[in-house]
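Here the structure comes first, spelled out in structure tokens, and everything after it is commentary.
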Amino acid sequence: YFGGCYIEDNKLYVKLVYPTDEEMKSLTNVLARYGAAVVFEEAEASMADLQKYADRIAGELMDNGYAVTMWCVDSISGNIEIAVLEEDLEAVKNWISDMSKNKNLPTVIIEEGAYFVPD
């Protein structure tokens with residue numbers, strides 16, 4: 001049910017996906033010491049579900065021969081971030097655009113990435 005968190009204006013915003021009364025009570029107790037600085041918000045998807053989706057998309061991209069260098073879920077925005085090598089950038093952007101047309105899916109951000117080789 002954890003949907004991410006962020007800090008803004010000296011407050012901790014905790015995003016939750018339909019927590020039960022018991023879960024809310026537990027979280028409120030754990031964070032009681034900081035109660036005045038904690039704000040709970042609704043989230044559309046849990047971080048666990050978003051990470052599963054990110055893993056699936058990255059896997060499909062790699063299965064299709066694209067060089068994926070990194071993928072993650074942004075805990076603030078809930079966006080899926082995937083980095084690919086420059087030569088695959090436009091093709092992957094088009095693939096993601098085609099895949100998400102007319103579907104209510106999490107936002108996928110494609111950016112240029114690189115591989116690093118330690119000396």
Side-chain angles (χ1 to χ4, degrees):
Y1 60 91
F2 177 70
C5 63
Y6 61 97
I7 295 174
E8 185 176 288
D9 298 325
N10 293 322
K11 291 189 183 280
L12 171 63
Y13 290 82
V14 180
K15 299 189 297 185
L16 304 170
V17 181
Y18 306 115
T20 64
D21 290 340
E22 186 176 313
E23 290 164 342
M24 279 305 298
K25 183 178 178 181
S26 177
L27 282 171
T28 303
N29 287 340
V30 168
L31 298 170
R33 181 176 178 189
Y34 310 102
V38 177
V39 178
F40 294 104
E41 293 182 334
E42 281 188 33
E44 292 181 20
S46 71
M47 290 295 286
D49 288 343
L50 290 170
Q51 188 60 55
K52 285 178 193 173
Y53 181 70
D55 292 344
R56 184 174 66 82
I57 296 301
E60 286 181 30
L61 287 170
M62 289 184 278
D63 289 346
N64 285 305
Y66 296 115
V68 175
T69 62
M70 180 279 305
W71 69 94
C72 66
V73 178
D74 184 300
S75 66
I76 296 171
S77 68
N79 292 337
I80 309 298
E81 297 179 2
I82 299 176
V84 297
L85 293 182
E86 179 182 13
E87 58 265 22
D88 292 335
L89 191 60
E90 288 308 312
V92 170
K93 284 182 178 181
N94 290 334
W95 188 87
I96 293 293
S97 176
D98 289 344
M99 181 197 68
S100 38
K101 281 184 182 171
N102 301 319
K103 295 179 186 173
N104 188 19
L105 298 172
T107 301
V108 178
I109 308 294
I110 303 299
E111 56 191 36
E112 184 179 333
Y115 290 121
F116 296 98
V117 179
D119 293 334

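Not measured: the values here are computed from a predicted model. Hydrogens, waters and symmetry mates play no part in the numbers below; they use all other heavy atoms, side chains included.
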For a quick test of reading the model, state the closest non-hydrogen atom pair linking Ala43 to Gly3 and the distance between them. CB-CA, 4.0 Å
In terms of heavy-atom contacts, does CD of Glu44 have more than 12 from other residues, nucleotides or ligands at under 6.0 Å? no
Expected output: side-chain Asn79 to main-chain Glu81 donor-acceptor under 3.5 Å: no
d(Ile80 CD1, Leu50 CG) to nearest 0.5 Å is 5.0 Å
Say whether Gln51 and Asp55, considering side chains only, have a donor N or O and an acceptor N or O under 3.5 Å apart. yes
Tell me, with the steps shown, if Tyr6 and Val14 meet side-chain contact (heavy atoms from CB on, under 4.5 Å). CA-CA 7 Å; Tyr6 61 97; Val14 180; over 6 Å; no
Membership question, hydrophobic clusters at under 4.5 Å side-chain separation (ILVMFWY): are Ile7 and Phe2 in the same one? yes
Ile110 versus Trp95: any side-chain heavy-atom pair under 4.5 Å? no
Membership question, hydrophobic clusters at under 4.5 Å side-chain separation (ILVMFWY): are Phe40 and Leu12 in the same one? yes
In Å and rounded to the nearest 0.5 Å, what is the CE to CG distance from Met62 to Asp88? 12.0 Å
Side-chain contact, heavy-atom cut-off 4.5 Å: Met24 with Leu16? yes
When rounded to the nearest 0.5 angstrom, what distance separates CG in Asn64 from CD in Glu60? 7.5 Å
Take Leu105 and Tyr53 through the test side-chain contact (heavy atoms from CB on, under 4.5 Å) and record every step on the way to the result. CA-CA 9 Å; Leu105 298 172; Tyr53 181 70; 3.5 Å; yes
By side-chain contact (heavy atoms from CB on, under 4.5 Å), which residues pair with Ser75, not counting sequence neighbours? Met47
CG of Asp21: more than 12 outside heavy atoms within 6.0 angstrom? no
Between the main-chain N or O of Lys93 and the side-chain N or O of Ser97, is there a donor-acceptor pair closer than 3.5 Å? no
Which atom pair, heavy atoms only, marks the closest approach of Gly113 to Ala83? CA-CB, 3.8 Å
When rounded to the nearest 0.5 angstrom, what distance separates OH in Tyr66 from CG in Leu89? 11.5 Å
How long is the straight-line distance from CD of Glu112 back to CD of Glu87, given to the nearest 0.5 Å? 9.0 Å
How long is the span from the CE atom in Met99 to the CD1 atom in Ile57, to the nearest 0.5 Å? 4.0 Å
Step-by-step side-chain contact (heavy atoms from CB on, under 4.5 Å) determination, Tyr1 to Thr20: CA-CA 9 Å; Tyr1 60 91; Thr20 64; over 6 Å; no
Does the Lys15 side chain pair with the main chain of Ala45, one donor and one acceptor, at a distance under 3.5 Å? no
Would you please test Trp71 and Leu61 for side-chain contact (heavy atoms from CB on, under 4.5 Å) and show each step? CA-CA 11 Å; Trp71 69 94; Leu61 287 170; over 6 Å; no
With a cut-off of 6.0 Å (strictly less than), are more than 12 heavy atoms of other residues, nucleotides or ligands near CD of Glu42? no
